[in-house]
Structures are given as C-alpha cells and as structure tokens.
Asker: 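Let me give you the structure first, and then I'll get to my questions.
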Number of protein chains: 2
Amino acid sequence: MSSSPSTTTKTNGHVNGHSTRDPKERVLTKETINPAVLKAEYAVRGEIAIRAEELREMCATEEGRKKLGFDDVISCNIGNPQQLEQKPITFFRQVASLTEYPELLENPLVKQIYPSDAIARAKTLLEDIGSIGAYSHSKGVPAIRKNVAAFLEERDGYPADPEMIFLTAGASTGVSNILQVMISHDNCAVLIPIPQYPLYTAAIALNSAHPIPYYLKEEAAWSTDPNEMREAVHKAREEGKDVRAVVVINPGNPTGQCLSLDNMKDIIKMAYEEKLVLLADEVYQTNVFDDDIRDDGEEPKPFYSFKKVLKSLGEPYASNLELISFHSLSKGQIGECGRRGGFFELVNFNEDAHDQIYKLASIQLCPGLQGQIGIDMMVQPPKKGDESYEQYHNEKMEIHRLLRQRSTEIAEAFSKWEGITCNPADGAMYLFPKLTLPPKAIEAAKKAGKAPDAFYCLQLLEKTGICVVPGSGFGQVPGTFHFRTTFLAPQTDEFVARMGKFHADFMKEYS
Amino acid sequence: MSSSPSTTTKTNGHVNGHSTRDPKERVLTKETINPAVLKAEYAVRGEIAIRAEELREMCATEEGRKKLGFDDVISCNIGNPQQLEQKPITFFRQVASLTEYPELLENPLVKQIYPSDAIARAKTLLEDIGSIGAYSHSKGVPAIRKNVAAFLEERDGYPADPEMIFLTAGASTGVSNILQVMISHDNCAVLIPIPQYPLYTAAIALNSAHPIPYYLKEEAAWSTDPNEMREAVHKAREEGKDVRAVVVINPGNPTGQCLSLDNMKDIIKMAYEEKLVLLADEVYQTNVFDDDIRDDGEEPKPFYSFKKVLKSLGEPYASNLELISFHSLSKGQIGECGRRGGFFELVNFNEDAHDQIYKLASIQLCPGLQGQIGIDMMVQPPKKGDESYEQYHNEKMEIHRLLRQRSTEIAEAFSKWEGITCNPADGAMYLFPKLTLPPKAIEAAKKAGKAPDAFYCLQLLEKTGICVVPGSGFGQVPGTFHFRTTFLAPQTDEFVARMGKFHADFMKEYS
C-alpha cells in the first residue's frame, strides 16, 4: 500500500520539538486515502454536475451570460423537483411550520392562518414526539412507525410490524446501512440492474464488494429477464463470488420502466431459490402513469409492491425470502428532498440481522425529525372530508399531470431527432434515451479522454446550459450510449428547443 | 468466514422452481453479517438504554408504575436536552417555522406573530436557498457556509475558506465520513482518549481499524499528557500499526474537562511531528463554565479552538498540520439534536483529500435543510439592537446558568457519598464520577456476567428509573469503575435523592 507514516517517523522516545518531517508532506494523500472511497463514483453529482455549478455562477453576471450565450443552467441531472420550481404540498409545510414553533398553537391568530386539520396533526405529532429538537428513537418516533405500518397494511393487504420499520434520512442512508451490514468480506457481491442508480455501485464500492450486472432489455421497454439474473448469479458463484443480494429498482431509475406482475413473481422465486436478499428500491411507487393512455395500445402497468407480490405467492416464499423495501419522501408528488426523509421495512429477517441494523442506526443517533414528520404526512395525507383534502388532492394531481405531460412531450421530441431513440416512461422521473453517435464523435471523445456519451453531455452543458448525466454513469450495454434526463424542468418547450438545436448541430459537426 | 451461499447453491443452469433451499435458512445471520458491524459498540444507546425504553413504557400504566416503584425514567444517558424539558431558543424556531411555510411571509398577520428580525432572516435564507424542500449543494448551502466562515474568522482571528467547510447531519456524520476516507487498510490505527465518546470506537470498528488509547489523568482533572500520547504512537508503530490520526475531545466527553492552552500547543506539536491528522471534537465549545468561580481558587479555563492555537503557533505547524474541527447544533445552549445539524472545517488538507471527502458527501446528497438553517442561526444569532436580541440572550444565559448550577449540585452531592469521587466539570454536559465498589459487588457482577459498573448502572435503572451509562462503555483505566451522567435533568433534587438512597443501599448490600 502507501508509504505509511510508520516507516518514516518511527522514533524511540521524544522528538523534543525537532521534527524531521517535511512540512509540505501530508498524511492524507491519494496514496493513503481509503481505496474504496477513491473507487466509488457518483455521476449524478460528478464532473458534469460540478461544471454545471460553475456555469450557474457565471450566469449570475451579465458578462458571464454574454460569454456563455445562455441565461441559466437547466438542472436535469438530479431528481430534485423543488429546485425546479415544483411547489411543495401545502399541508405538509403547514404542519411542519406548526411543529417548529409550538407557541403558534396557543396564539388565537393561528386559526386564521392554518386549517383545522393541520393544527390537529401538529398537536398529535407534538404529543407523540415531545420536542422536534430532541433525538428520537433511533428507528424513528414509535407513533410514526405505527402509522407507516398502517399505511403498508392498507397498501398491500398484509400485516406490517412497526418494529421492522426503520425511518431513515432519505432512502440513500437506508441502502448504505443495509449494504454495510450485509457485506462481510472482499469477495461479497450484489446483483444490480444495468443501467442502475449509481448509489448502488457507489455503496458497493465503498464496502469493497463487487457489483454483478444484469442487463435491462432496452428493446423490450427496459424489462428484466429473471433467467439471465439467475445465470449471472451462477456465473459469479462459479468465479468464487459470494453473491448475497439482488437490487431491483421499480419503477426504474434511470429507465422509468414498471415491472410486470409476472416479472416480479419470477424475480422473487429466483431470489429465494438462489438465497439472495431482495433489495426493492420502490421510491418512485407513486410516480406511475397508470392512468396514461399509451399510444401503442399496451396495457398500463400499475405499481405493485414487492411485499404484496411476495405475500401473495404463498409458501415457501412468503415467510422466508428476506426482502427490504425502501421508500422516500423525496420523490412521488411530494418531492421533499431537502427534508431527508425515508424508511425501509425488513421482511423475514432474523433477530440477529435486525439487531445489527438497529445498532448501526443507533450509532447514527436518529434521522432528522422534520424528515420523520414528512413521512407521517406521506403515509397519512388529508382524507376526504378533511379541511385540507381538496387542496392536497388538487396539488398532488396537478404535479402528477405535469410530470406525465412533460415526460410524453420530451420523449416524443427525442423520437423525432436523428440518432436518438427513447422508450416512453411508465413512471419515475427520468427518460434514458439511446444515442447513436457518429464514428467521428466517438473518435473526438476518445481524443478528449472522455466516454462518448460524457463527451456529448459536456458539450450539451457548455453550449446550452442543460445538465444531464451520461449513460456511462449508470452503466449500459458496452458499445451503447445514453443519457439520463429528468422531466422536472418546467420549461419543456425551452428545453426541447435548446437541446434540439444542439443535437442537430452536434450530429452535423461529427457526421 | 461464513458458510457462504456459493458453496450450497451453486448450480449449472435453472433450478426450475425446485429449490433445495431449507426455507428457514436465512442469508443474513451472525455468520454472514459484516464482522466490523458485529464488533461495533455504542453504549450510549446500548443494553441499558434499551432496557430504559422498556421501563418507560411500563411507566405509562398505573400497574407498571406500582410494580416498578417509580413514576418515570430519568434519561441521563444521552446529551439530549430537549427530551428533558429544555426549551428551544425561540428565535431559531421562529425562523424555522417561517422557512417551512413561506406563504406566511405574505400574510399580513405575520407581523403580529413574528419579530421583524426573524422575518428578515427567513427571507434572506429563502433567497439563498430557494426551497428548503430541495437538495442543496452537497457541502451545504453556499451562503450558509460563507456565514460559518465569517463566524470562524470572528472566533479565531484567522481566515476561513467556505470551500473547506462542510455542513453535516450532526457532528457524528462528519466524524464517520472522515474516518471512512482516512482508514485505508486493516492495520490503520487512530489515537483516541480514554475515556472517550463511544462514537469514535464505533466508527473505528466499523472501518476495521484499531483504536490506540491515551489515558486522561483523572487525578489531574482529566488532563492530557502529550508525552504519553507520543509514546502510545511509537509503541503502536513498533507493533506495526499505521497510526494516522489523533482524536481530541475538548471540552471533554464524558469527562467535562477543558484543555489548558499549553496542553493544546503540545498536542499540536506532537501531532505534527508524529504525522497525525488532528481530529478536534469541539462540539461543546459553548458549554464552558469559564465564568464559574471554582472553590479551589484555580484559574478558570476558557475555550480555545484548536485552529486558533494552531495558527498562533506559527510555522511549520500553522500551514501544515492537517486539522479537522467538528461542531454541532445539538449541544451548547441550543441543544437542537433532532435537527441533525453540524459542520466541520478542513485545515491544511490537500486537494485530493478534499475531493474525496466531497465525493463521499455527494453520494449522501446533502444534510437536511433544517439542520443547515439551524447552523446559520447558530453562527449568526441575533445581535445587540435586533428585536430578538434580549430574548435570545436571556434564554441562552438561563440555560447556561441552569447547566452550571446542576453540574455543581450533582458533583457536590456525589462527593459526599461513600465510594464515589467526582471531578467537577469545566464544561460539556457530563460528569464522570469514579466508583469504588466493594469486592462483593464486583463478585456479584462477575456472577451476573456484567462489568462491575454496568452491574451498578443496571441496578440503578431497575430500582430508581435513573438511566446512566457505565464507564466500561467509554473506556477507563483497567480496574477502575465509573459512570457517565448528564446534568440535563431538570429535577436535580429528585435525581440526587433517588440516586443517593440507591447508592447507600447498594454499598450496604455488598459491604
């Protein structure tokens, strides 16, 4: 490994102020930094996103805007709706506001400002929590976990145990903690979809484990082939890998696909028979366009949770497959990324595993209380008859409608451009179009030392201010090129116009 | 290692639904769980804290209270002030409340409810942040980091670079991330004080590194001997350990001591000469009773930051020692643990180290926005002349006075009891008294399979409802016994009376 300090500074006794140290030498260098950290990559906030921040700063001055030839950066690199003008759900913010300042509840003016159900919810939460300025139980406030369990029971039709529910600071913390508990040696491996959300490759790299890819079928609407998954497990095991778990992202990120019920059943059977823990990333569960009429006349694919499908399959699966489902406050129509709220449910885990996961959570003390309160509202939104119901419902449906509309408009625009094909999104917040780049562009990228799609995306950013993430950051079939864009930016026309012109120019330049 | 799945399920092709798997077998068991996670311990929320939660639930019913013989659990195991009736600072909560619900700012009633400086601060923050529902920059909102830098410059008299400041979800996340970046192989080691805050041993265990103890001198007010630290480094290096860093907690946790200026200078020189990164845990920096008149007539010891002392030492130290200082929103007079806010500053780190720390932060997306906003208020509280100044100042000083008073009262009570000695606290939120247990108690503990101080603390909990943490959870000189108690509980008289009776009975029973 590195030239360690031990070899250069070993002394027998005191140095008495006379150091032989080279002042400019540093303890922490590329040679001494944890190689697992060095290896980890996270393209969503990688090189292109960092460059986008620089351009955004330039856009703050007229001189900068003139130099760049555009007025603003359009951040389509990350699912961060409220950065892109998406309004928060009013009820959520009213309750949060009241819990921050409980004295308001005793102010006679409060009824003129807040609806009665927001006031009632804030009171209930404060009774359950005490002060939101205190650490809670490390799994999260017990009363909120009970409400999450009730939500899961209602959603799935099967019992949920509040003690198996852990509130987290966003789904990412949950995924990272679970992988840390699950990976016990350098030969451990986890089956992941390709393309995937790069949190998985990053967390696997940070734990010095191996990702085993299974490829989503672009030609068949990004579907999954459980037989190929099984073969990938067998091959990895033949190579000596200790494959422990399989990750499924549904609805998909970056692909936006929804798995069919049959597909899910086969994945569950595969995971059970191959002795894998099933990690179900279901953070986009309400981002499903099942009310969409698709042009190809196919059936819409509604969201089913893996837990529901598992339980409905019966034994031996239902009581034995170790399943974790992750959910988040950051996605859906809520989009409260900045609160860092999420949860996971452990299904069929043994006590030792639960205890170790709990211990890890306790070392981290607790997730932020406003994230936890957000989860309470997510699992118990205003109901019909409540004062806030109509406003809540309208806000939610309008966001849903806008996302679906933008998704369709952008996918349709892409499909008209030379060298781009794009599956429509069943859900989530992303499109993942395929680029067919001219050989000259690939050559130019090689010369610049970039992956061809990264080369394309960097030029797109520099010339238009549009920030998307190259497919190489998510993984793709070797030799194919893609990019991921969110469909959150409000100015769809502007996005399509700027990008369309860039794309045509790019294709022409390298034709 | 474990009997891995690879040996039992390797197959050549499809299983076709016929699994040879034993349904009750689990993938995640004690044998397959990450041994680093198994090894990690966190006594503050360990066995005794978990038992305390059970007793707390029993206290909810009259039957339970009758059975226990007490009405409530007094949680002195964790520095969680707002769980123990400490009121939040009003200004902080007013601003938080307004940022949650920006529509309030347009409501004409707002001026009847909120002071003008809270309204102004909320407006400024929202202009800087946009929506608090959006992910921020992974290091934290740039404008807030600028304010932190200004605070550090004011505190220390030396420049601070906002790009070297990382906002975090409490200090714990920062410590964990830094150790993860810094520990690159299984032979890495970190010098830590004993007794220590168990986050350090936990984080070191999770990264499969080795803690190297240096003992604080109980007989000399928990002071530190830099020569012994140096000897500990040499000894560890002679044994082949790659010692990378030294942790200093000042004011101390669990000991409450403040380091003298000379002590700090010597520690800095030692760290520089021995090529160690200095991790300065300074989260209790405003919990210093420097206005206290001590009975022994000694000089009060005010808080100096390690950065200030480092910079004042001049070269080669000032521009070369790699120093990280951690701060938190959870301690001080603020005590906003539930917001999960904190920050650290990197001093003298090279670019590669910065970049890797930044990448790790970006994989975690960002700390919660309400934690970040809390940091903004912590570093920029109301100033003289502002509408909220007087209330802010009075609230802060009253919390400070109460903590100091309780600290003195409890330490004085302890000093009167047989078999307990206790250094007074210079600061922080804790006392760490020494127990001289009778041989029969030590024998009884052995029979029960407990460390003697854990045995004492468990009995204290079962008989009085008072929850404290045994010294064995923090580390102590072998053969000595201690416990850590916070002095946050409002009912000092009640605490002293309940505990005094228990202690006398315990000493009698085992005499």
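Quick note on labels: first sequence line is chain A, next is B, and so on, each numbered from 1.
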Asker: Heavy-atom pairs under 4.5 Å with chain B - which of A:Gln94, A:Gln86, A:Gln370 has more of them than the others?
Answerer: A:Gln94
Asker: Which one wins on heavy-atom pair count under 4.5 Å against chain B: A:Ser138, A:Pro88, A:Pro81?
Answerer: A:Ser138
Asker: Which answer fits A:Asn348, side chain, backbone, both or neither, if we ask what part of it has an atom under 4.5 Å from a heavy atom of chain B?
Answerer: both
Asker: Check for a donor-acceptor pair, side chain of A:Arg340 on one end and backbone N or O of B:Cys366 on the other, with a separation under 3.5 Å.
Answerer: yes
Asker: Which bit of A:Pro367 is near chain B, if near means a heavy-atom gap under 4.5 Å: side chain, backbone, both or neither?
Answerer: backbone
Asker: Would you mind checking which part of A:Leu276 comes under 4.5 Å of any heavy atom in chain B, side chain (CB onward), backbone (N, CA, C, O), both or neither?
Answerer: backbone
Asker: Please state whether the side chain, the backbone, both or neither of A:Ser172 comes within less than 4.5 Å of a heavy atom of chain B.
Answerer: side chain
Asker: Indicate yes or no for a side-chain donor-acceptor contact from B:Asn350 to the backbone of A:Thr29 under 3.5 Å, with no hydrogens or angles considered.
Answerer: no
Asker: What part of A:Ile50 is in contact with chain B, defined as an atom under 4.5 angstrom from a non-hydrogen atom: side chain, backbone, both or neither?
Answerer: side chain
Asker: Could you go through A:Ile33 and B:Val181, starting from their C-alpha distance and side-chain angles, then the distance that decides it, and tell me whether this counts as side chain to side chain contact (heavy atoms under 4.5 Å, CB included)?
Answerer: CA-CA 6 Å; A:Ile33 287 169; B:Val181 170; 4.0 Å; yes
Asker: Can you say whether A:Gln372 sits under 4.5 Å from chain B via the side chain, the backbone, both, or neither, judging by heavy atoms?
Answerer: neither
Asker: Considering only heavy atoms, which portion of B:Ala271 lies under 4.5 Å from any heavy atom of chain A: side chain, backbone, both, or neither?
Answerer: backbone
Asker: Mind checking the CD-OG1 spacing from B:Gln364 to A:Thr173? Nearest 0.5 Å is all I need.
Answerer: 7.0 Å
Asker: Quick one: of A:Ser136, A:Pro316, A:Ser131, A:Pro23, who has the most non-hydrogen atom pairs under 4.5 Å with chain B?
Answerer: A:Pro23
Asker: Give a yes or no answer on whether the side chain of B:Lys359 reaches the backbone of A:Ala40 with a donor-acceptor pair at less than 3.5 Å.
Answerer: yes
Asker: Shortest non-hydrogen contact from A:Tyr114 to B:Leu104?
Answerer: OH-CD1, 3.3 Å
Asker: Should the pair B:Glu351-A:Arg26 be classified as a salt bridge under the 4.0 Å nitrogen-to-oxygen rule?
Answerer: no
Asker: Which bit of A:Lys30 is near chain B, if near means a heavy-atom gap under 4.5 Å: side chain, backbone, both or neither?
Answerer: both
Asker: Atom CD of residue position B:Glu53 - does it have more than 12 heavy atoms of other residues, nucleotides or ligands inside 6.0 Å?
Answerer: yes
Asker: Can you say whether A:Ile132 sits under 4.5 Å from chain B via the side chain, the backbone, both, or neither, judging by heavy atoms?
Answerer: both
Asker: With rounding to the nearest 0.5 angstrom, report the OH to OG distance, A:Tyr135 to B:Ser75.
Answerer: 13.5 Å
Asker: How long is the gap from NZ on A:Lys275 to CD on B:Glu25, to the nearest 0.5 Å?
Answerer: 4.0 Å
Asker: Within this structure, what is the CD1-CG distance for the pair A:Ile113 and B:Leu109, rounded to the nearest 0.5 Å?
Answerer: 5.0 Å
Asker: Give, as side chain, backbone, both or neither, the part of B:Leu206 having an atom under 4.5 angstrom from any heavy atom of chain A.
Answerer: both
Asker: Can you tell me which portion of A:Glu322 sits under 4.5 Å from chain B's heavy atoms? Options are side chain, backbone, both or neither.
Answerer: side chain
Asker: With sequence neighbours excluded, what pairs up with A:Phe92 under the ring pair (Phe, Tyr, Trp, His ring centres under 6.0 Å) test?
Answerer: none
Asker: Please flag which part of A:Asn107 lies under 4.5 Å from any non-hydrogen atom of chain B: side chain, backbone, both or neither.
Answerer: side chain
Asker: Taking every non-hydrogen pair under 4.5 Å, which of A:Asn80, A:Leu199, A:Leu38 racks up the most with chain B?
Answerer: A:Asn80
Asker: Under a 4.5 Å heavy-atom cut-off, does chain A meet the side chain of B:Leu360, its backbone, both or neither?
Answerer: side chain
Asker: Quick one: does any side-chain atom of B:Arg93 pair with a main-chain N or O of A:Glu100 as donor and acceptor, under 3.5 Å?
Answerer: yes
Asker: Side chain, backbone, both or neither: which part of B:Ala96 has a heavy atom under 4.5 Å from chain A?
Answerer: both
Asker: Output yes when a side-chain donor or acceptor of A:Ser184 lies under 3.5 Å from a complementary backbone atom of B:Thr32, and no otherwise.
Answerer: yes
Asker: With only heavy atoms counted, which part of A:Leu365 is less than 4.5 Å from chain B, the side chain, the backbone, both or neither?
Answerer: both
Asker: Chain B: which of A:Gln83, A:Lys87, A:Arg339, A:Lys235 shares the most heavy-atom pairs with it under 4.5 Å?
Answerer: A:Arg339
Asker: Closest heavy-atom contact between B:Ser97 and A:Tyr101?
Answerer: CB-CB, 3.6 Å
Asker: Is chain A contacted by the side chain of B:Glu103, its backbone, both, or neither, given a heavy-atom distance below 4.5 Å?
Answerer: side chain
Asker: Could you tell me which portion of B:Thr99 (side chain, backbone, both or neither) has an atom closer than 4.5 angstrom to a non-hydrogen atom of chain A?
Answerer: backbone
Asker: Considering only heavy atoms, which portion of B:Ile183 lies under 4.5 Å from any heavy atom of chain A: side chain, backbone, both, or neither?
Answerer: backbone
Asker: Measure the CE-CG distance between B:Met182 and A:Leu28 for me, rounded to the nearest 0.5 Å.
Answerer: 6.0 Å
Asker: At a 4.5 Å cut-off on heavy atoms, which part of A:Ser319 comes close to chain B: side chain, backbone, both, or neither?
Answerer: backbone
